[in-house]
Structures are given as structure tokens and as C-alpha cells.
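We number each residue from 1, following the sequence as shown. Note that ligands are numbered from 1 as they come in the structure, with each ligand's atoms numbered from 1 the same way. These numbers come from the heavy atoms of this one structure, side chains and all, not from hydrogens, waters or symmetry mates.
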Amino acid sequence: MIRFESVSKVYDDGTTAVDSLDLEVPTGSLLALVGPSGCGKTTSLRMINRLIDPTSGTITLDGMDVLSTDRVTLRRKIGYVIQHAGLFPHRTVVDNVAALPRLLGGDKKKTRTRALDLLELVGLDGRFANRYPWQLSGGQQQRVGVARALATDPPFLLMDEPFSAVDPIVRAQLQDEFLRLQGEIGKTIVMVTHDIDEALKLGDRVAVLRTGGVLAQFGTPLELLTQPVDTFVADFVGGARGYRALGFDRLPGETALTPHAPVKLGESVRGRGWVVVVDDTAQPIGWVDGSRTDTASVATLHRTSRFLPRTASARELLDGALASPGGALGIIDADGVFVGVLTATTVVGSVQGVAA
Ligand code: ADP
Ligand code: MG
């Protein structure tokens, strides 16, 4: 757990960068710190690993006051990822990752093996190990930056605009991979970004700062989208909030599926509309249009529609229902077995209380 209690930073020239900030980051969760340029995001982050000391207030890591912890102990526990990765240009990729463990007295062979494992974890195979940073793309450098931050296996991770310097497609890829990685490693993370979509996508909780380092709102992505506290937050969060909120919402447990009798290949669908076709293990393989064909066959199978579990986000369910040829989304259980359908109307009806 990382906790900020009334933390302020006033720079020597009188600039108040952070103003009485209170935050809590539960263990294993990711807090996204977001806001316009100059609102105090980087300052807030750097006070955690004491690159900057607060003017007043207290920051604790698992109850330990950072100001009473020596910097070496502190930095061992805190991985730090910055924009453009900040790699040592004259060291190879693997040496970049192994640098801190080596500095802390780690055995050469062991730290190298571990560095190679970490590179693998962030999606870089052995080919990259002996290259220099300039021989990598921006996205690859950023991955090395993440691997390096994880080198001492720190419980805490700080990330300052980690994905901002790469193009949008690579960026989305890095974000997806990072979500998967965090699912495995479960670090306690504070990530700074100026991109609200990135904050909403990656953050378990999001803190929106306004200029002057004042906390405007602190909540889950769904809360920010559905209940922005004021026009600053609403404007910052941006348009189509209701629709975007669906991406963070789940159907209430009581939402009933519409019963639907599936068929197997070779069975009759005569007189029916669109019908779900399942295989021998009751897993859906597509839809067949009973108004145009009599029998379900491979040739008449419409295979492109998706089948989703009911626990998918409301946005995926709605999208699936709208894109499905039968006007309803086929729902599967945890074993992939077809259990019924959901219409777009049902999805919208179930969530409209929240997303309105
Ligand atoms: P952000 O990361 O949100 O863009 P920063 O934390 O870098 O914001 O900066 C917050 C405010 O503090 C800005 O107004 C910035 O100009 C100011 N600032 C940052 N570093 C210093 C410094 N060393 N001395 C004086 N002012 C600073
Ligand atoms: Mg910054």
C-alpha cells in the first residue's frame, strides 16, 4: 500500500506543484495519475522514491515513512520507468537490465540469467540481449525500461509517461501487454500519464489532478466516467462518457439470458430465423439463417460472430449483440458451452441505470 497524507511540494521559486494531496494505492493495484501538463504529476511520483522531497505531509510504503528510509533501501523496493526508457546508451540491453542488481552486489551469472528471463517476460527474446539501445525501436526500448525496473523484483513500480513516446499502434500493444504482465506480477503501481484513455484503460483507480497540484477527483474508471465531480473532470474525461462507461461495467447478476435452442450440423433449422450451431461438446461454432436454408451445414455457417461469457464488459456484450447476424449475442459459460443469447436491448436495459 502506498499512502499520501496531505503531501505538498512548493519549489524554491514559490511554485506550488502539489497541494495537500491525499491518495491511497492498495497493494497489487495500479493508480493512474492523470492531468494536464504542469499539474504536478511527475513531482508527485518522484516524491515517492525521493528524487524530490516533499515540503510537508507524509508518504508511506506499507506503513514505512519514505523520509525515514535511506535512499538505497527505498530504491531497491521501487522500480522506476520513465519516458524514452532512459537506458544507458553504451551498455547492451541485458547489461542495462542487470545494472542495478550488479550494483547491489549480485553475482554476474545469476543477474544475467535473471535479466534474460525478464526480457523474455516483456516480450524480447534472446536476440535482443546483446544489442545496444539505439539498435531498438522506441517500443522495444520501453520494454527494456520495464524489464530494468523489475530487475530487483521490487514490490512497487513508478512509471512516468511510460508509453507516451511511441506511436499509437505500438502504444496500444504495449498497454495490452502491460495489463497482461501486471496480471502476472501484481505490483503496486503508480503510473503518470496525460492521456485519460490510457489512465482509464490501465488504472484500477484514477486520480485526476488540476493545475496547482490539487486533486480534482479520485475514483474508479467507471466512477470518473459516470459521476465526474465537476465540469473540469467531465471535460478532461471527454466525450461519449456513457458509451465508454460500458467498457468498465458488467451486467447485474440477475440479468436473464433469452433461451435459445441450438442445433448441430446436419440438423434442420427450417422455419426459424438465425440459429446458433454447436459442436459435439455444445460449444458454439456459428450461426445459420433458417429463413434461407433448411439444414445447418458448414457451407451456410456464418462464422464471424463472437460468443462471449456474460461476465464480459457491457460494451463488449453490446458490441457483440449489434454485430451478430441474429441481432443477439451468443453467450457461453466458463467451459465455452453455449447457454443462451442476449439482445442489445437487454444489455442496454440492464446497465442504463449506471450509464445514464
Ligand atoms: P507534470 O508532470 O504534471 O507535467 P511537474 O510535476 O513536472 O508537472 O511540474 C509541476 C509544476 O512544478 C509545474 O508548474 C512546473 O513548472 C513546476 N516545476 C517542476 N519542477 C520544478 C523545479 N525544479 N523548480 C521549480 N518549479 C518546478
Ligand atoms: Mg511530467
Please check: side-chain N/O of [X] versus main-chain N/O of [Y], any donor-acceptor pairing under 3.5 Å?
X	Y	value
R50	T69	yes
R102	G106	yes
N96	R91	yes
S29	V25	no

Study note, to complete from the structure: A student checking ligand 1 against A17 at a 4.0 Å heavy-atom cut-off should list atoms 10 (C), 11 (C), 12 (O)
Study note, to complete from the structure: In ligand 1, the atoms that come under 4.0 Å of a heavy atom of S37 are 4 (O)
Exercise for review: Check V18 against ligand 1 and report side chain, backbone, both or neither, counting heavy atoms closer than 4.0 Å.
Suggested key: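 Under 4.0 Å from ligand 1, V18 contributes no heavy atoms.
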Check your understanding: Should the pair R171 and F163 be classed as cation-pi, given the thresholds of under 6.0 Å to the six-membered ring centre and 45° from the axis?
Key ->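 Not satisfied by the 6.0 Å and 45° rule.
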Check your understanding: If every non-hydrogen atom of T255 is compared with every non-hydrogen atom of S350, which pair is closest and at what distance?
Key -> CG2-OG, 3.1 Å
Practice item. Compare every heavy atom of K264 with every heavy atom of D280, then report the nearest pair and how far apart it is. Key: OD1-CD, 4.1 Å
Review point. Under 2.8 Å from the Mg ion (ligand 2), how many protein N, O or S atoms can be found?
Key: 1
**Study point:** Proximity winner for atom 8 (O) of ligand 1, if only heavy atoms of G35, G40, G14 are counted
**Key:**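 Looking at heavy atoms only, the winner is G40.
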Review point. If hydrogens are left out, which of T42, L45, V192, V10 has an atom nearest to atom 7 (O) of ligand 1, that is, the closest non-hydrogen atom?
Key: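 Looking at heavy atoms only, T42 sits closest to atom 7 (O) of ligand 1.
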Check your understanding: Based purely on interatomic distance, does S44 place a nitrogen or oxygen under 3.5 Å from a nitrogen or oxygen of ligand 1?
Key -> no
Review point. Do any nitrogen or oxygen atoms of C39 lie less than 3.5 angstrom from nitrogen or oxygen atoms of ligand 1?
Key: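 Min N/O separation from ligand 1 is below 3.5 Å for C39.
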Among all the protein's non-hydrogen atoms, which is closest to [atom], and how far away is it?
atom	answer
atom 18 (N) of ligand 1	Y11 CE1, 3.3 Å
atom 5 (P) of ligand 1	T43 OG1, 3.6 Å
atom 13 (C) of ligand 1	G38 O, 3.6 Å

Review point. Per the side-chain contact (heavy atoms from CB on, under 4.5 Å) rule, which among D279, D333, V276 passes with F338?
Key: V276
Practice item. To the nearest 0.5 angstrom, please state how far the CZ atom of F178 sits from the CD atom of Q142. Key: 11.0 Å
Solution key, residues 185-193 side-chain donor-acceptor pairs under 3.5 Å, sequence neighbours excluded:
| residue | atom | partner | partner atom | Å |
| --- | --- | --- | --- | --- |
| K187 | NZ | D153 | OD1 | 2.6 |
| K187 | NZ | P154 | O | 2.9 |
| T188 | OG1 | G28 | N | 2.9 |
| T193 | OG1 | D195 | N | 2.9 |
| T193 | OG1 | E198 | OE2 | 3.1 |

Review point. Looking at atom 15 (C) of ligand 1, is any protein heavy atom nearer than 4.0 Å to it?
Key: no
Review point. Aromatic ring centroids of H260 and W287 under 6.0 Å?
Key: yes
